[in-house]
Amino acid sequence: MENSLSISDLPSHAGETVTLKGWLYHWRKGGKIWFLVLRDGSGYLQCVVSKADVPEAVWEAATGATQESTLEVTGLVKADARSPGGVELGVLDVKVLDLCHDWPITPKEHGVDFLMSQRHLWLRSSKQVAVLKVRSEVESAIHDFFHTRGYTRVDSPILTPAACEGTSSLFETQYTDDEKAYLSQSGQLYLEPAAAALGKVYCFGPTFRAEKSKTRRHLREFWMVEPEVAFLEIDGLLDLAEEFVKELTARVLDRRKEDLKRLERDAAKLEPVVSKKFPRISYRDAVEMLQKKSFPVKFGDDLGGDEETALTEGFDTPIMVTRYPASIKAFYMQPDPVDPDVALCLDMLAPEGYGEIIGGSQRIHDHDLLLSRIRQHDLPLEAFQWYLDVRKYGTFPHSGFGMGLERFVAWMCGVPHLRECIPYPRMLYRIYP
RNA sequence: UCCGCAGUAGCUCAAUGGUAGAGCAUUCGGCUGUUAACCGAAGGGUUGUAGGUUCGAGUCCUACCUGCGGAGCCA
């Protein structure tokens, strides 16, 4: 069915005459020789048009094309060291399939407001293309990671009857005439019963938080991958999270080198992630470390962005902070049997200021303890009856974590803001396009 | 929601309270190996909105609108 060549195929077609379709990305004029850069999503190709070598009509078409015009170009593939990418096209024919008028995004700088309002067009820019390729690679690596380890993917619902954690950040929608539904904030609660059915499960999909967050580290709609594993306890969970991040990073380094280069991301900064063990620090030790750096934190305080960055300073891998005070963590987290004030949980903090990429815990598996936690947190008991059933019928220790895809991709790409790591970001006060 | 910053040409930005400017983009011209090419020329403006102070406001004051950055919360 597909017969056409892509630009990325060309290095193995040197010496052949080929026809390609794509868009005019950029050009450099040189009097009687023009250099057109064609892009087709697979790569970029310098097409050399020489006035002496083509018919007048072809010269007119080539030099009359504007940025982002749709072109069909025929020419001879040549290896040439002067050309970015190693091969270039000696143009024989150019057809302008559509002449583009008033393309708004120029090669010079633009402000974020402008670019975000042109997001549907901004996607064509080389750096945005590179980020989307890294994102897709990570998504694919996530599925491979779990499938090679015997996990079953279980899709959790997006429309839910009640909150998983806190009702303040829920998106509400009308479900029937007299019933509301809420967009999912996490698939975890639905994954736990599935872990009893299938043992090792994971979900991967969009999640929604109606928080009024307006920072580079927040989106209102983001993608989260969440494994949940029967009979896995906290130490195994730490191993799983570390192995997971190592494998995804290795995959990006292995297969998306060109994209990292285009993003001017220093790949050497990611290499220790693959080779070195991630430090594991308890919350109590973290508080001490922060106090030595004269942060005014004490046991019971949550750690803010500045504290997280200070903790990761001096490390070239992520660090895992474990055993936070139970009082500041979710109701379902298992208390530490030797230190009941803390929960068996972890936050993985990425280096270079990228902050929390993973949060997870061992879950309470005792029915009565979970019941009392639901009551302590003033949660509507009837909404959690089915969740309690997991502990009522053949309970088992289990653990899981959630990783925010965009945060991971932002870190891989060295992009400072999450909004560039999802094709169409949903942010506070911005839902166009 | 709170705190801070900013709205001037299509875009990115200049302009002591005193004639509205540049680069890029666009159009035209020049250049046969360019790498955000370069050189020359032209067109392009109700300075976010509404008031106010002043002989005079892009500039100072007030309110509003829009956007950005950050906090809290989180992945």
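No hydrogens, no waters, no symmetry mates; every other heavy atom, side chains included, goes into these values.
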Legend entry - Length of the NZ-P vector between Lys329(A) and C73(B), whole Å: 11 Å
Legend entry - Stacked pair Tyr429(A)-G67(B), distance under 5.5 Å, angle under 30°: no
Inset, instruction - Write down the partner of C5(B) under the Watson-Crick or G-U wobble criteria, each distance required to be under 3.5 Å. - result: G67(B)
Inset, instruction - Let me know the distance between NZ of Lys214(A) and C1' of C74(B), rounded to the nearest Å. - result: 17 Å
Inset, instruction - Tell me the partner of G23(B), counting only Watson-Crick (N1-N3 plus N6-O4 or O6-N4) or G-U wobble (N1-O2 and O6-N3) with both under 3.5 Å; none if nothing fits. - result: C11(B)
Inset, instruction - Heavy atoms only: give me the nearest Gln334(A)-Arg363(A) pair and the separation to one decimal. - result: OE1-O, 3.4 Å
Inset, instruction - Kindly indicate whether the side chain of His218(A) and the base of C74(B) share any N or O donor-acceptor pair separated by less than 3.5 Å? - result: yes
Inset, instruction - Rounded off to whole Å, could you give me the NZ-to-P distance for the Lys51(A) and G33(B) pair? - result: 16 Å
Legend entry - Closest non-hydrogen atom pair between Ile422(A) and Arg119(A), with its separation: O-NH2, 2.9 Å
Legend entry - Interatomic distance, Leu428(A) CG vs U1(B) P [rounded to whole Å]: 9 Å
Legend entry - Residue met sooner reading RNA chain B from 5', once Arg430(A) and Glu307(A) are mapped to nucleotides: Arg430(A)
Legend entry - Value in whole Å for how far the P atom of C73(B) lies from CD of Glu308(A): 11 Å
Inset, instruction - Name the nucleic acid region contacted by Glu226(A), choosing base, sugar-phosphate or nothing; use a 4.0 angstrom heavy-atom cut-off, strictly under. - result: nothing
Inset, instruction - Figure out the CZ/C1' separation between Phe114(A) and A6(B), and round it to whole Å. - result: 18 Å
Inset, instruction - State which residue, out of Phe204(A), Phe146(A), Phe244(A), fulfils the ring pair (Phe, Tyr, Trp, His ring centres under 6.0 Å) condition with Tyr151(A). - result: Phe146(A)
Inset, instruction - Can you check whether any acceptor in the base of C74(B) is under 3.5 Å from a donor in the side chain of Arg220(A), or vice versa? - result: no
Legend entry - Carboxylate-amine/guanidinium contact Asp347(A) Lys329(A), below 4.0 Å: yes
Inset, instruction - Look at the side chain of Gln118(A) and the base of G10(B), then say whether one donor and one acceptor between them are separated by less than 3.5 Å. - result: no
